[in-house]
Amino acid sequence: MDLEKFVEAPGRDEKIKEVRKMIDAKGIEYLYLQFVSVTGKIMGKGIPADHWETVAKKGFQLVYGATVNLFTNRAGEYLGYGPEAAELVGIPEPETFMQLPWAPTIGRFYCTLFRNREEKENPGGFLTSDCRGNLRRMHEEFKKKHGRSLRIGTEPEMMWLKFDENGKPRDGYSKPYCYHIDQFESLRPVSMQVIRYARMMGLDMIQGDHEDAPGQLELNWMFDDVLRNADRLTTYRQICAQVARENGIFACFMTKPFMGVSASGCHHNMSLWRGGEDEFVKCGNDPKDLPGMKDNYMYVKGGENTFMPDDDDPQMPGKEGLEAIGGVVHHLQALTAVGCSTVNSYRRLWDTGFWAPVFADWGFQNRTTGLRVSAPGRFEYRSVDSMVNPYLMGSTLLAAMDDGIDNKLDPGKPEERNIYEAIKDGKDVKKLPMSLGEALDFLKKDEVVQRGMPGEMYRLYDEYKHDEYARFMSTVTDWDKDTYMECLP
């Protein structure tokens with residue numbers, strides 16, 4: 001069984017013992033065992049800390065439908081899995097142990113999910129509705145095949161909102177002044193607490209600023225291995241939610257809560273590397289506190305960036321970088337269904353004047369295209385927003401890059417003009433899908449991007465998102481009433 005191989009992996013028993021020492025030394029009483037659903041929601045169970053060794057070996061059980069948020073569709077039927085489905089087995093990963101800085105008696109782990117041991121088909125196999133496990137396995141396959149690893153740095157924009165008299169999140173906490181230090185300062189108690197917690201949980205925080213929208217901040221950490229970065233983005237969201245609770249405000253990751261101001265994007269800066277080694281980066285805790293717990297406090301350092309220019313042009317990426325990005329450009333319309341994953345995501349693309357990319361093209365420092373060379377050696381993937389599931393985004397980007405390298409796909413010449421001016425001049429450019437329904441249609445036709453959603457993952461994502469879109473299309477909004485209620489006679 002995959003499950004048995006995972007539990008019996010060399011060195012795992014020592015890590016389990018190290019966690020026990022830390023649990024006892026830090027006074028940990030309770031453990032959160034968490035995984036990530038198809039939409040990026042954090043799911044899981046909690047256990048008393050004295051049961052750590054048992055759960056580390058045997059895992060916990062939870063219905064398969066938890067990977068699809070255990071939501072029902074429009075007909076009231078459970079999405080993805082019926083009530084007759086078996087229960088998954090979640091195995092905590094000891095190297096991801098972390099004490100919650102705001103609740104020091106609680107520790108958390110990320111988990112890998114497996115099919116039930118008693119299943120008739122593939123018992124104890126990896127559960128393919130585990131987006132995080134899929135990303136790890138796909139990245140390992142990519143590294144074996146190409147001798148390259150994917151490193152990503154994300155730019156997570158989000159908004160801090162006030163509650164109205166009815167307890168609903170409404171207005172932004174600050175004014176919509178981009179890069180304005182005074183507005184950044186107005187949110188200092190929030191941002192500094194986020195940074196403090198983030199550093200204590202292994203995020204190497206590097207910079208931040210106030211963005212264009214009311215209450216909108218972007219706080220960044222160092223780029224890293226695609227899986228570690230996804231874990232850190234997920235952890236960052238949990239931190240923001242906690243800091244919001246402490247300050248009586250709301251941490252909003254909705255893509256476009258307000259029209260007429262910028263939405264919250266989550267640009268992915270990506271590059272492919274040969275080699276490199278894990279190195280400890282001090283992020284608020286002494287490394288002696290976490291012997292062997294590398295996933296939280298290690299970053300990949302060194303190696304050779306294969307996206308770097310390989311000729312006299314300091315802007316033009318190397319041949320391999322162009323092939324990889326050729327794959328992303330070629331599949332950009334289908335990838336949009338993952339990067340812009342909600343109905344609300346497309347408000348970002350429709351609201352003009354805010355640099356949201358709507359064309360499947362690339363360029364140098366060109367914010368009107370779906371991809372740009374943001375600096376020598378890295379591409380910024382722009383058609384992705386704050387609601388993204390970073391594990392699905394990582395695995396589908398790997399699938400597109402794999403296709404680009406295998407088939408030497410040409411991304412075309414970089415577009416240095418404003419894309420709208422280029423179109424006026426006669427350039428034929430593919431447009432990104434402008435609704436969730438249209439994006440899902442592109443995804444349905446793209447077998448390469450679907451390879452980034454192996455096993456049951458594509459079926460579950462497609463079912464969930466089509467139901468979401470159908471719910472939207474079957475809803476009467478205030479706009480409908482305002483526009484049509486009194487239009488006749």
Is it true that, when you exclude [X] itself, more than 12 heavy atoms of the residues, nucleotides or ligands shown sit nearer than 6.0 Å to its [atom1]?
| X | atom1 | result |
| --- | --- | --- |
| Met473 | CE | no |
| Lys58 | NZ | no |
| Lys143 | NZ | yes |
| Glu447 | CD | no |
| Tyr78 | OH | no |

Is the closest side-chain heavy-atom distance between [X] and [Y] below 4.5 Å?
| X | Y | value |
| --- | --- | --- |
| Lys444 | Val449 | no |
| Ser264 | Gln216 | yes |
| Tyr381 | Val328 | yes |
| Trp160 | Met158 | yes |
| Phe114 | Ile91 | yes |
| Asp462 | Leu443 | no |
| Arg274 | Thr306 | yes |
| Met393 | His268 | yes |

Under the 3.5 angstrom rule, does the side chain of [X] hit a backbone N or O of [Y] as a donor-acceptor pair?
| X | Y | answer |
| --- | --- | --- |
| Asn407 | Asp403 | yes |
| Glu463 | Gly80 | yes |
| Gln99 | Pro104 | yes |
| Tyr299 | Asp225 | no |
| Thr336 | Leu332 | yes |
| Arg137 | Gly133 | yes |
| Asn269 | Arg378 | no |
| Asn220 | Glu155 | no |
| His267 | Thr154 | no |
| Asn73 | Ala75 | yes |

Nearest-0.5 Å distance that lies between atom [atom1] in [X] and atom [atom2] in [Y]:
| X | Y | atom1 | atom2 | result |
| --- | --- | --- | --- | --- |
| Ser129 | Leu88 | OG | CG | 7.0 Å |
| Leu127 | Leu113 | CG | CG | 5.5 Å |
| Ser341 | Leu392 | OG | CG | 9.0 Å |
| Phe142 | Asp402 | CZ | CG | 6.0 Å |
| Tyr461 | His466 | OH | NE2 | 11.0 Å |
| Leu227 | Ser149 | CG | OG | 12.0 Å |

**Study point:** CA sep, side-chain torsions, deciding dist, call: Glu29, Ile106, side chain to side chain contact (heavy atoms under 4.5 Å, CB included)
**Key:** CA-CA 6 Å; Glu29 299 174 3; Ile106 294 179; over 6 Å; no

Any side-chain donor near an acceptor of the partner, [X] and [Y], under 3.5 Å:
| X | Y | value |
| --- | --- | --- |
| Gln207 | Asp209 | no |
| Ser37 | Asn69 | yes |
| Ser271 | Trp273 | yes |
| Glu438 | Tyr346 | no |

Exercise for review: With Tyr391 as reference, evaluate Asp130, Thr396, Asp231 under the side chain to side chain donor-acceptor pair (under 3.5 Å) test and give the passing residue.
Suggested key: Asp231

Under a 4.0 Å threshold between the charged nitrogen and the carboxylate oxygen, would [Y] count as salt-bridged to [X]?
| X | Y | answer |
| --- | --- | --- |
| Glu18 | Lys21 | no |
| Asp224 | Arg232 | yes |
| Lys256 | Asp385 | no |
| Asp24 | Arg20 | yes |
| Glu14 | Lys17 | yes |
| Asp164 | Lys168 | no |
| Glu468 | Arg471 | no |
| Lys145 | Asp406 | yes |
| Glu320 | Arg148 | yes |
| Glu93 | Arg136 | yes |

Exercise for review: Starting from the C-alpha separation in whole Å, work towards a yes-or-no answer on side chain to side chain donor-acceptor pair (under 3.5 Å) for Thr96 and Arg108.
Suggested key: CA-CA 8 Å; Thr96 66; Arg108 74 100 168 101; 4.7 Å; no

Review point. Is Arg245 positioned over the aromatic face of Phe163, cation under 6.0 angstrom from the ring centre and no more than 45 degrees off axis?
Key: no

Practice item. Validate the cation-pi geometry between Arg188 and Tyr173: distance from NZ or CZ to the six-membered ring centre under 6.0 Å, angle to the ring axis within 45°. Key: no

Taking the six-membered ring for Trp and the single ring otherwise, decide whether the centroids of [X] and [Y] are under 6.0 Å apart.
| X | Y | value |
| --- | --- | --- |
| Tyr236 | Trp221 | yes |
| Phe35 | Tyr110 | no |
| Phe109 | Tyr32 | no |

Check your understanding: Which is it for His210 and Leu217 under the side chain to side chain contact (heavy atoms under 4.5 Å, CB included) test, yes or no, and what are the steps along the way?
Key -> CA-CA 5 Å; His210 193 282; Leu217 295 186; 3.9 Å; yes

Practice item. Go through the steps for Trp102 and Glu246 under the test side chain to side chain contact (heavy atoms under 4.5 Å, CB included), then give the verdict. Key: CA-CA 10 Å; Trp102 57 87; Glu246 293 177 6; 3.6 Å; yes

Point to revise | From CA spacing to verdict: side chain to side chain donor-acceptor pair (under 3.5 Å), Gln34, Gln238 | key: CA-CA 12 Å; Gln34 62 187 43; Gln238 288 181 298; 3.2 Å; yes

**Study point:** Leu161 vs Phe258, side chain to side chain contact (heavy atoms under 4.5 Å, CB included): CA-CA, chis, key distance, verdict
**Key:** CA-CA 11 Å; Leu161 307 182; Phe258 310 111; 3.9 Å; yes

